[in-house]
Engineer: 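Okay, handing you the structure first.
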Amino acid sequence: MFALSFGSDLNHWFLQHQREMPWRKTKDPYKIWVSEVMLQQTQVDTVIPYYLRFCERFPTIEALARAELEEVLALWKGLGYYRRAENLHKGVKKIVRELHGRFPTSLKEIAQIPGIGDYTAGAILSIAFNQPVAAVDGNVMRIMARQFAIDEDIGSTKSKRLFERLVLEHMEGEPSVYNQALMELGALICTPRSPKCSECPVQSTCKAYAQGNTEAYPVKARKEKPVEEVYTALVLKRGEAYYLEKRPENGLLANLWGFPLLDESLYERLCALGQPLNPVRHVFTHKRWRLLPVVVEYTGKNEERLRAILNIEPVKFFAMDDIQRLPIGTAFLKIISQIDR
DNA sequence: AAAGCGGGGAG
DNA sequence: CTCCCAGCTTT
């Protein structure tokens, strides 16, 4: 086989080496959409079981549009970035309401759907409808940065446009194949560390390989270390039920359920009323939580004493069976795992 | 342009 | 530990 060009070499490699994935068995734009949203900032192996459960429960746009957000979030539990689920839910409802349930085929219309940005729009248009548009994700930026020795910070808006242009300039064959080939190459060969250049189908055109400094790309601005926040987590117990509150619509773990998080300074006073559990650590992209859980029985004298400390009026206590069905963030699940035994 | 938003895997 | 991952929305 002659080396023809970047695009065709890439496509040939992909057709021989692509991995099997559930969403590669369909051209249904809805299912491609679900997979792309789940795959935002999330690795393939993590997504697969979530994707299969989700598509079984919500096989169509209509099925998802009929569901309550609460159930959608419950299926998303543990996957993170819960706004994705909320936007997906808003998106299908919008399509049912405004487009008679038909997934739009123009970039202009697709861009109006909540949760679909430049990447996801490009991915759906190219994979489901085979339209020649770019779909630039982290993999693609890494590959192109190495191919062309791009020194621009990949986090900047400017470099994003540059990568889209490079992708389109070198596109060949079926857009569906080409775009997925880029992602697959980034996942299997052109990895962030220790890229497998000896197996790379586009090694001959790679500028960074020629320079011998593939790992110098892509250039990425340094991020701040996440700051730690410490909270007292109130595990209020009444009989065999526990108090959980729904978190605000905006902010961290929005719309999920959890234990009340109180100021660290209340820890000692609450410990005097109940029993501490093991501290829980949880890391987000931009902050770290250290939660100090205290189990307090909501009975008798404690009720009075709690009222003096807090201004919460605990209403909803949940049995453990009900807790399992609620959308709850992993940080709180770590506490629950200590009491559910 | 920058910040906020999860959770897990790899090394 | 650190870095990264099939990013988007809001400010």
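Just so it is clear, the structure is predicted and the values come from calculations on it, not from any experiment. Every chain is numbered from 1, with letters handed out A, B, ... down the list of sequences.
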Engineer: Counting just side-chain N and O atoms, does A/Thr285 come under 4.0 Å of either OP1 or OP2 of B/dG6?
Structural biologist: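 For B/dG6, OP1/OP2 do not have a side-chain N/O of A/Thr285 under 4.0 Å.
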Engineer: Of A/Ile113 and A/Glu36, whose nearest nucleotide on DNA chain C comes first from the 5' end?
Structural biologist: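 In this pair, the answer is A/Glu36.
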Engineer: If I take atom CD in residue A/Glu215 and atom P in nucleotide C/dC3, what distance separates them, rounded to the nearest angstrom?
Structural biologist: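 Spelled out: CD on A/Glu215 to P on C/dC3 is 13 Å.
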Engineer: Between A/Ser194 and A/Phe284, name the one whose nearest nucleotide on DNA chain B is closer to the 5' end.
Structural biologist: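 Between the two, 5'-proximity favours A/Phe284.
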Engineer: Just say parallel, tilted or perpendicular for the rings of A/Trp13 and A/His17, cut-offs at 30° and 60°.
Structural biologist: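 Aromatic pair A/Trp13/A/His17 classed parallel.
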Engineer: Can you list, in residue-number order, the parts of residues 77-97 of chain A that come under 4.0 Å of DNA chain B, counting heavy atoms only?
Structural biologist: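 Here the set is A/Gly78, A/Leu79, A/Gly80, A/Tyr81, A/Tyr82.
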Engineer: For the side chain of A/Thr46, starting at C-beta, report the closest nucleotide among C/dC4, B/dG8, C/dA6.
Structural biologist: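 Selected nucleotide (nearest to the side chain): B/dG8.
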Engineer: Under 4.0 Å, heavy atoms only, any strand: does A/Asn179 hit a base, just the sugar-phosphate, or nothing?
Structural biologist: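 Result for A/Asn179 = nothing.
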Engineer: Got a salt bridge between A/Glu70 and A/Lys246, using NZ or NE/NH1/NH2 to carboxylate O under 4.0 Å?
Structural biologist: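 A salt bridge is present here (some side-chain N lies under 4.0 Å from a carboxylate O).
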Engineer: Can you measure A/Gln112 atom CD to C/dT9 atom P for me and round it to whole angstrom units?
Structural biologist: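 For the pair A/Gln112 CD and C/dT9 P, the rounded distance is 11 Å.
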Engineer: Return the value, rounded to whole Å, for the distance between atom CG of A/Asp45 and atom C1' of B/dG7.
Structural biologist: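 Interatomic distance, CG of A/Asp45 to C1' of B/dG7: 14 Å.
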Engineer: Quote, to the nearest angstrom, the P distance that separates C/dT11 from B/dG6.
Structural biologist: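 These two P atoms come out 16 Å apart once rounded.
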Engineer: Is there a side-chain contact between A/Leu99 and A/Glu109, using heavy atoms and a 4.5 Å cut-off?
Structural biologist: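 A/Leu99 vs A/Glu109: side chains touch.
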Engineer: Can you check the A/His282 NE2 to B/dC5 P distance for me, whole Å?
Structural biologist: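 Going from NE2 in A/His282 over to P in B/dC5 covers 12 Å.
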Engineer: Using atom OH of A/Tyr50 as one end and atom C1' of C/dA6 as the other, report the distance to the nearest whole Å.
Structural biologist: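 Rounding to the nearest Å, OH of A/Tyr50 and C1' of C/dA6 are 17 Å apart.
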Engineer: Across the strands shown, which category fits A/Lys223 at heavy-atom distances under 4.0 angstrom: base, sugar-phosphate, nothing?
Structural biologist: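 No contact.
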Engineer: Counting only heavy atoms not in A/Arg24, do more than 12 fall under 6.0 Å of its CZ?
Structural biologist: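 Above 12, so yes.
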Engineer: Distance from A/Arg146 atom CZ to A/Thr214 atom OG1, nearest 0.5 Å?
Structural biologist: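 So the CZ of A/Arg146 and the OG1 of A/Thr214 are separated by 5.5 Å.
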Engineer: Between C1' on C/dT10 and CD on A/Glu249, what's the gap in Å once rounded to a whole number?
Structural biologist: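 Atom CD in A/Glu249 sits about 15 Å away from atom C1' in C/dT10.
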Engineer: What distance separates A/Leu273 CG from A/Glu268 CD, expressed to the nearest 0.5 Å?
Structural biologist: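 Output value for this atom pair is 12.0 Å.
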Engineer: Which part of the nucleic acid does A/Trp289 contact within heavy-atom distance under 4.0 Å: base, sugar-phosphate only, or nothing?
Structural biologist: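 Nothing, no heavy atom under 4.0 Å.
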Engineer: Should the ring pair A/His170 and A/Phe6 be called parallel, tilted or perpendicular, given that the plane angle runs from 0 to 90° and is split at 30 and 60?
Structural biologist: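 Correct class here is perpendicular.
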Engineer: So, is A/His286 near the phosphate of B/dA3, with a side-chain N or O under 4.0 Å from OP1 or OP2?
Structural biologist: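 Answer no for this pair, as no side-chain N or O of A/His286 is under 4.0 Å from OP1 or OP2.
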Engineer: Which part of the nucleic acid does A/Thr191 contact within heavy-atom distance under 4.0 Å: base, sugar-phosphate only, or nothing?
Structural biologist: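 Since no nucleic acid heavy atom lies under 4.0 Å of A/Thr191, the category is nothing.
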Engineer: Parallel, tilted or perpendicular: which describes the rings of A/Phe54 and A/Trp76, with under 30° parallel and over 60° perpendicular?
Structural biologist: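 The rings of A/Phe54 and A/Trp76 stand perpendicular, inter-plane angle above 60°.
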Engineer: Just call it for A/Arg288: base, sugar-phosphate, or nothing, with non-hydrogen atoms closer than 4.0 Å on any strand.
Structural biologist: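 No contact.
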Engineer: Considering only side-chain heavy atoms of A/Gln40, which listed nucleotide, C/dA6, B/dA10, C/dG7, is closest?
Structural biologist: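 Of the candidates, C/dG7 comes closest.
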Engineer: Just how far, in rounded Å, is C1' of B/dA10 from CD of A/Gln43?
Structural biologist: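 Value for this atom pair: 8 Å.
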Engineer: Check this for me: does the side-chain of A/Thr42 come within 3.5 Å of the base of B/dG6 through a donor and an acceptor?
Structural biologist: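 When only heavy-atom distances are counted, A/Thr42 does reach the base of B/dG6 through a donor-acceptor pair under 3.5 Å.
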Engineer: Say you pick atom P in C/dA6 and the same atom in B/dG11; how far apart are they, in whole Å?
Structural biologist: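 It comes out at 14 Å once rounded to the nearest Å.
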Engineer: To the nearest Å, give me how far apart CD1 (A/Ile124) and C1' (C/dC8) are.
Structural biologist: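 Distance check: A/Ile124 CD1 to C/dC8 C1' gives 13 Å.
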Engineer: Can we call the ring centroids of A/Tyr298 and A/Phe317 under 6.0 Å apart?
Structural biologist: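 Between A/Tyr298 and A/Phe317, the centre distance is under 6.0 Å.
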Engineer: For A/Gly186, answer base if it contacts any base atom (sugar-phosphate contacts may also be present), sugar-phosphate if it contacts only those atoms, and nothing otherwise; contact means non-hydrogen atoms under 4.0 Å.
Structural biologist: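 Nothing, no nucleic acid heavy atom in range.
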Engineer: Judged by each residue's nearest nucleotide on DNA chain C, which is more toward the 5′ side, A/Lys225 or A/Met21?
Structural biologist: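 Closer to the 5' end of DNA chain C: A/Lys225.
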Engineer: With DNA chain B as reference, determine whether A/Ser156 or A/Arg193 sits nearer its 5' end, using the nearest nucleotide of each.
Structural biologist: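 The residue closer to the strand's 5' end, by nearest nucleotide, is A/Ser156.
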Engineer: So what does A/Met141 touch, heavy atoms closer than 4.0 Å: a base, only the sugar-phosphate, or nothing?
Structural biologist: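 Result for A/Met141 = nothing.
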Engineer: Of all the choices, B/dG7, C/dA6, C/dC4, which nucleotide is nearest to the side chain of A/Val44 once you look at every atom?
Structural biologist: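 Looking only at heavy atoms from C-beta outward on A/Val44, the closest nucleotide is C/dA6.
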